[in-house]
Protein chains: 2
Amino acid sequence: MSQDGAGINLETSLGYLLKEASSALRAAMEEVLRPLGMSVTHYSCLELLAQRPGLSNSELARGAFVTRQTMNVLLQTLEREGHVTRPAEARVGKVLPTRLTPRGRRSLEKATVAVRSVEDRMLAGMTETERSGAFRILRSMIHSLRDGNDSA
Amino acid sequence: MSQDGAGINLETSLGYLLKEASSALRAAMEEVLRPLGMSVTHYSCLELLAQRPGLSNSELARGAFVTRQTMNVLLQTLEREGHVTRPAEARVGKVLPTRLTPRGRRSLEKATVAVRSVEDRMLAGMTETERSGAFRILRSMIHSLRDGNDSA
DNA sequence: CACTCTATGTCAGAGTACTGACATGAGTCA
DNA sequence: TGACTCATGTCAGTACTCTGACATAGAGTG
């Protein structure tokens, strides 16, 4: 079914499957984070800050895969709510290093439990070998997409 | 680095890597589709219709991983621009089967070429064995995320 | 020093996708 | 037949993310 030469067969397209998997993951995460009043980007930002305190707005944006404008708005909200702190003025350049407050850390802890349950569920039924295989393949895809631009 | 027991280590999280890969794919697709004035969802809709003519609004929404409200708005735009056609009234129930117009098909053809180049680039450096492995693993992740709700 | 380039933080506006809500049609069951 | 459930199409409002634009700070170069 579906003429082969014409379009991209969605049934056998790895890109389509990747989108489907990502969509399912996002939906599952939103589901468990919603009761905590937290979005995926929201959570990503806090988790990044827990592991690498002092990250700047732009660095957080890259880590959460959004633009720095989007992250800027989110940080303003988080700061207003008392989850993170930023110095009023930059010590060097324009970079404002961000840090979690105790309140932000508590908020993150609950979210981490929720997200970990999703991650565990996703990994269920996969062997260790398959997991490392998935890692290698995803990294390969990312690498090929990133710098395959200029070489055509 | 980064206390192990506390959070989810983003460096070794398959979920994070999946998000990164999906983000890279989306960015690459947007880049090649933008010159054609087409978004990823836009393209997904046309490709779905090419392979399965007569799909309803809700079916298209599920296939493109958006809500049916979002797809409805998109279909209204596509219909206004003459890329798709829908009957004014449903022959059975409320379902309005959608079909590509010749114009929509021409538009899709150009997009397909662009998207195929991205997909090819993504698959570059992967063996056939790795490709089928990636398929199996992604399907496993999707399956686990979908119906792992109630059993937990 | 002056010039250029790059990166950053930020504001404003536009676009996209979502949730909520309503009416309608089909199927099931008593 | 009537009540109930489910899926669909659609409208309206909201939330999130993006692009565009600007000013500023540091590095490199003449």
Side-chain angles (χ1 to χ4, degrees), chain A residues 19-20 22-31 33-46 49 54-81 84-99, chain B residues 19 22-24 26-31 33-46 49 54-81 84-99:
Chain A
K19 188 174 175 184
E20 184 171 359
S22 173
S23 171
L25 175 61
R26 185 173 194 86
M29 287 183 67
E30 282 174 350
E31 187 178 331
L33 287 176
R34 187 186 313 276
L36 283 64
M38 207 179 286
S39 72
V40 175
T41 307
H42 197 116
Y43 159 75
S44 299
C45 177
L46 295 183
L49 283 174
L55 245 43
S56 72
N57 176 29
S58 290
E59 289 168 326
L60 286 168
R62 282 190 289 268
F65 311 111
V66 295
T67 62
R68 67 185 195 278
Q69 292 92 327
T70 298
M71 183 55 71
N72 186 40
V73 174
L74 175 58
L75 279 182
Q76 287 173 353
T77 303
L78 289 175
E79 193 172 15
R80 194 179 335 115
E81 295 175 350
V84 305
T85 51
R86 281 194 295 179
E89 290 191 358
R91 294 186 62 251
V92 55
K94 303 187 65 177
V95 177
L96 299 175
T98 312
R99 292 187 175 275
Chain B
K19 188 176 175 181
S22 172
S23 171
R26 185 173 194 84
M29 285 183 67
E30 281 174 350
E31 187 178 331
L33 287 176
R34 187 186 313 275
L36 284 63
M38 209 179 285
S39 72
V40 175
T41 307
H42 197 116
Y43 160 74
S44 299
C45 177
L46 295 183
L49 283 174
L55 244 44
S56 72
N57 176 29
S58 290
E59 289 168 328
L60 286 169
R62 282 190 289 269
F65 310 111
V66 295
T67 62
R68 64 186 197 277
Q69 292 92 327
T70 298
M71 183 55 71
N72 187 40
V73 174
L74 174 60
L75 280 181
Q76 288 173 355
T77 303
L78 289 175
E79 192 172 15
R80 194 178 335 115
E81 295 174 352
V84 306
T85 51
R86 281 194 294 179
E89 291 190 358
R91 294 186 61 253
V92 54
K94 300 187 67 177
V95 177
L96 299 175
T98 312
R99 293 186 174 276

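Below, chain A is the first sequence line, B the second, and so on; all start at residue 1. As a basis for the values below, the full set of heavy atoms in this structure was taken, side chains included, without hydrogen atoms, waters or symmetry mates.
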Review point. Measuring from B:R26:CZ to A:F65:CZ, what's the distance to the nearest 0.5 Å?
Key: 14.0 Å
Review point. Just by distance, do the side chain of A:T70 and the backbone of A:V66 share a donor-acceptor pair under 3.5 Å?
Key: no
Point to revise | Atom pair CZ (A:R91) and CG (A:L96), whose distance is rounded to the nearest 0.5 Å | key: 12.0 Å
Check your understanding: To the nearest Å, how far apart are A:E30 CD and C:dT19 C1'?
Key -> 11 Å
Exercise for review: Check the surroundings of atom CZ in B:R99: do more than 12 heavy atoms from other residues, nucleotides or ligands lie under 6.0 Å from it?
Suggested key: no
Study note, to complete from the structure: Ranking B:F65 and A:E59 by the position along DNA chain C of their nearest nucleotide, the one closer to 5' is A:E59
**Study point:** A:Q76 vs A:N72 side-chain heavy atoms within contact, under 4.5 Å
**Key:** yes
Exercise for review: Mind calculating the distance between NE2 (B:H42) and P (C:dA17) to the nearest angstrom?
Suggested key: 11 Å
Practice item. Walk along DNA chain D from 5' to 3' and tell me the first and last nucleotide with an atom closer than 4.0 Å to a non-hydrogen atom of chain B. Key: D:dT8 to D:dT19
Review point. Do side-chain atoms of A:E59 reach the backbone of A:S56 as a donor and acceptor pair under 3.5 angstrom?
Key: yes
**Study point:** Residue whose nearest DNA chain D nucleotide is more 5′ - A:R26 or A:R91
**Key:** A:R26
Check your understanding: Just checking A:S39: base, sugar-phosphate only, or nothing, at a heavy-atom cut-off of under 4.0 Å?
Key -> nothing
Study note, to complete from the structure: Separation of C:dT16 atom P from B:R34 atom CZ, nearest Å, is 10 Å
Review point. Contact class for A:R62 vs. all strands (heavy atom < 4.0 Å): base, sugar-phosphate, or nothing?
Key: sugar-phosphate
Exercise for review: Rounded to the nearest 0.5 Å, what's the gap from NE2 on B:H42 to CG on B:L78? Could you check?
Suggested key: 4.5 Å
Review point. Does B:S23 reach the main-chain N or O of B:K19 with its side chain, forming a donor-acceptor pair under 3.5 Å?
Key: no
Check your understanding: In Å, rounded to the nearest 0.5 Å, how long is the span from CG of A:L74 to CG of A:L60?
Key -> 9.0 Å
Check your understanding: Which value, rounded to the nearest 0.5 Å, describes the distance between A:L75 atom CG and A:R68 atom CZ?
Key -> 13.5 Å
Check your understanding: Which residues, if any, of residues 92-99 of chain A bring a heavy atom under 4.0 Å of DNA chain C?
Key -> A:K94, A:V95, A:L96
**Study point:** From B:E30 atom CD to B:R34 atom CZ, the distance as rounded to the nearest 0.5 Å
**Key:** 6.0 Å
Review point. A:N57 CG to C:dC11 C1': how many Å, rounded?
Key: 13 Å
**Study point:** Sub-4.0 Å heavy-atom contacts from residues 67-77 of chain A onto DNA chain C, ordered by number
**Key:** A:R68, A:Q69, A:N72, A:Q76
